[in-house]
Every structure is written in structure tokens, then in C-alpha cells.
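Values in this document were obtained by computation on a predicted structure and should not be read as measured data.
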Amino acid sequence: MLRILAAFIFFTRLPFWRLAEVPAACFKNIVSHWALVGWLTAGLSVLVLYATSLILPPSVAILCAMITRLLITGCLHEDGLADFFDGFGGGTSRERILAIMKDSHIGSYGVIGLIFYFGLFYLLVSSLPIELAGCAILAGDPFCKGVSSMIINRLPYARKEEEAKNKTVYSRMTSREYVFSIICAFLPLLWLPQPVYLLAGIFPVITWYFLTSFMKRKIQGYTGDCCGATFLLSELSFYMGFVIIYQTI
């Protein structure tokens, strides 16, 4: 239970830390619970989406849902995405890429990357009816976190533990943690209104594979920023696949 609590403390800004004192060692095993945290972030985002859509235009409701998740997570993943774009966009060597990603300042690649990310996210989700958009978020957020969590099983950590931003290197999943992560990722797919929308799940898997292959070639591993970027880009590809299916059926 402490590992689950550690995951909610790390991946959200909600005051879960008040419930109990969590040993630092527990934070090494939080990635396998990432998809479970997605149940909370997706659920609260969709609650705000549906509630605000009753009194505001759908476009505003979607923005409110986006802001809700940003507030819940403290822009944790978006910060990683910006650093990812800066590092891989501006770095020409492994050492340079890692140095840029560790720098807390945002560069032009990070700014442009976030603009395109938020623009695509908003346009994709807003192209769906509100009810269907809610189903997509409820399924896409935890599923893509589950897919992205597998990065720690495929790649080693690219830095030494003492060089990590949060001074923690994630442990590879045990068989039990692997199964738990898969279950937490796949259960939310039950929110999908039709079986055909399950095909959207292929998109984040492909995105994960190419991103992790790219990281392996460039920096021979992953960082925390890579985890956040992998999740957001995988989720974006899920919504892209979802919209493609919606437009064709």
C-alpha cells in the first residue's frame, strides 16, 4: 500500500502525503502504479468536463478539463515533454542531450513542442462529441500511462542515480508489478463505447516502440523526462487513432 501511496504522492499534487510517511525506497517502485494514478487524473478531468459542459460551450469545457489535469499533476509530464524536446532537439551527443534535459530552463524547442502538443490535444478532443470525448479520456489516460510505464522494462536509466533530478532510479518491474500495471491499463478500456475503438490502442504502442528505440539509439536509456514525454505523446497518438476511427465509422 505504501508503494501505491508513493505513486499518488509523486504523480499528483494532491495532499496524499498527509495520509502516511512513505519511505524513500518506495518511490523506486512507483511506475508500475502509474496507470492506477491515471484512473484518478482521468476521472477528475472528465468530471470537470461533463460538469462544465452543462453550463459552458464544449470548447471551454475541454479547456477546463485540460487545466484540471495540469493542476492535479503540477505539469509534471508537460515539464518532461518540454525538456525532452529541448534535449533531443538541441543536443548533438549523448552527454549534451542529458545536460540540456537536466537544465531547468526551457528553450525554443520546448516552447514550440508544447504549443504543438496542446494544440493537437485540444483539436483532437474537441472534434469529438462531449460524451465520446469523456470516454476517450477515461480510457486513454490510464492506458497510455500503462503502456509508457513499460519503458523501465525495456531501457536502463541513462544517468547515475546521484545525477537523477529526484535522486531516484526506478526499479524494473517484478512479474507481479508487471501484471498489476497491465490490469490497471486495460480495465479503463471498458469505457470505450464500441469494440472498434480498441484499435486506437495500437497507436500508443507503436509510438512507445519508436520513442524508446529513438532513446536507446541517442542516449542508451531513459530519464524521468523521457517517461513524461513518452506518456503525453503516446496519449496524443491514442486520441489521434480514436478520432480517425470516429471519422470513418
Let me confirm one number: the CZ-CG distance from Phe8 to Leu19, rounded to the nearest 0.5 Å. 10.5 Å
Could you tell me which non-hydrogen atom of Pro204 sits nearest to which non-hydrogen atom of Ser234, and how far apart they are? CB-O, 3.4 Å
Do Leu40 and Phe16 touch side chain to side chain, with heavy atoms closer than 4.5 Å? yes
For residues 194-201, tabulate all N or O donor-acceptor pairs below 3.5 Å that involve a side-chain atom, not counting sequence neighbours.
none

Can you list the steps and then say if Val60 with Thr52 is a side-chain contact (heavy atoms from CB on, under 4.5 Å)? CA-CA 8 Å; Val60 179; Thr52 53; over 6 Å; no
Side-chain donor or acceptor of Glu177 paired with backbone N/O of Thr174 under 3.5 Å: yes
Mind listing the closest non-hydrogen atom pair of Met215 and Cys226 along with its distance? SD-CB, 3.6 Å
Any side-chain heavy atom of Met150 sitting closer than 4.5 Å to one from Ile182? yes
Value rounded to 0.5 Å, distance of CD1 in Ile4 from NE2 in His33: 4.5 Å
Among all residues two or more places apart in sequence or in another chain, which pass the side-chain contact (heavy atoms from CB on, under 4.5 Å) test with Leu63? Met66, Tyr122
For Cys75, does its backbone N or O pair with a side-chain atom of Arg69 as donor and acceptor, under 3.5 Å? no
Looking at side-chain heavy atoms only, is the closest gap between Leu138 and Pro188 below 4.5 Å? no
Is a side-chain N or O of Arg154 found less than 3.5 angstrom from the main chain of Gly221, in a donor-acceptor match? no
Should Pro23 and Leu2 count as side-chain neighbours, where that means a heavy-atom distance under 4.5 Å? yes
For the residue pair Phe11 and Trp34, does the interplanar ring angle fall in the parallel (under 30°), tilted (30 to 60°) or perpendicular (over 60°) class? parallel
Look only at the side chain of Asp225 and the backbone of Phe84, and say whether a donor-acceptor pair between them is shorter than 3.5 Å. no
Side-chain heavy atoms of Glu235 within contact of Asp141, under 4.5 Å: yes
For Tyr170, does the six-membered ring have the charged nitrogen or CZ of Lys28 within the cation-pi criterion, i.e. under 6.0 angstrom from the centroid and within 45° of the normal? no
Is there a side-chain contact (heavy atoms from CB on, under 4.5 Å) between Thr230 and Tyr222 once you walk through the steps? CA-CA 10 Å; Thr230 301; Tyr222 76 92; over 6 Å; no
Any non-hydrogen side-chain atom of Leu132 less than 4.5 Å from a side-chain atom of Pro129? yes
Which distance, rounded to the nearest 0.5 Å, do you find between the OG of Ser45 and the CD1 of Ile72? 5.0 Å
Ignoring hydrogens, what is the shortest heavy-atom contact between Gly87 and Ile97? Give both atom names and the distance. O-CG1, 3.4 Å
Side chain to side chain, Glu78 and Leu70, heavy atoms closer than 4.5 Å: yes
Set out, in order, the CA-CA distance, both residues' side-chain angles and the distance that settles side-chain contact (heavy atoms from CB on, under 4.5 Å) for Leu14 and Ile9, then state yes or no. CA-CA 7 Å; Leu14 300 178; Ile9 292 172; over 6 Å; no
For Arg3, look at atom CZ and say whether over 12 heavy atoms of other residues, nucleotides or ligands are found less than 6.0 Å away. no
Here the ring-ring contact (aromatic ring centres under 6.0 Å, His included) pairs for residues 127-156, sequence neighbours left out, are Phe143-Phe186
Spatial distance of atom CG (Asp79) from atom CG (Leu114) [nearest 0.5 Å]: 9.0 Å
For Gly146 and Ser149, the nearest pair of non-hydrogen atoms, with its separation, is O-OG, 2.6 Å
In this structure, CG of Asp83 is separated from CG of Asp86 (nearest 0.5 Å) by 6.5 Å
Between Ser237 and Thr207, do the side chains contain a donor N or O and an acceptor N or O under 3.5 Å apart? yes
Counting N and O atoms only, with roles assigned by atom type, does the side chain of Ser181 sit under 3.5 Å from a partner on the main chain of Tyr178, one being a donor and the other an acceptor? no
Could you tell me which non-hydrogen atom of Val22 sits nearest to which non-hydrogen atom of Ala6, and how far apart they are? CG1-CB, 3.7 Å
What distance do Ser108 atom OG and Ile112 atom CD1 have between them, rounded to the nearest 0.5 Å? 5.5 Å
Walk me through whether Phe88 and Phe214 qualify under side-chain contact (heavy atoms from CB on, under 4.5 Å). CA-CA 10 Å; Phe88 286 92; Phe214 179 68; 3.3 Å; yes
Which pair of heavy atoms, one from Phe238 and one from Ala136, lies closest together, and at what distance? CE2-O, 3.6 Å
Co-membership, hydrophobic cluster, residues Tyr209 and Ile202, 4.5 Å side-chain: yes
Polar side chain donor-acceptor pair, Thr12 to Thr73, under 3.5 angstrom: no
Under 3.5 Å: donor-acceptor pair, side chain of Arg159, backbone of Leu98: yes
Does Arg94 reach the main-chain N or O of Ile219 with its side chain, forming a donor-acceptor pair under 3.5 Å? yes
Is there a donor-acceptor contact under 3.5 Å from the side chain of Ser53 to the main chain of Tyr50? yes
Between the main-chain N or O of Met173 and the side-chain N or O of Asn153, is there a donor-acceptor pair closer than 3.5 Å? yes
Does the side chain of Tyr239 come within less than 4.5 Å of Ile137's, by heavy atoms? yes
Closer than 3.5 angstrom, by distance alone: can the side chain of Trp208 be matched with the main-chain N or O of Cys144 as a donor-acceptor pair? no
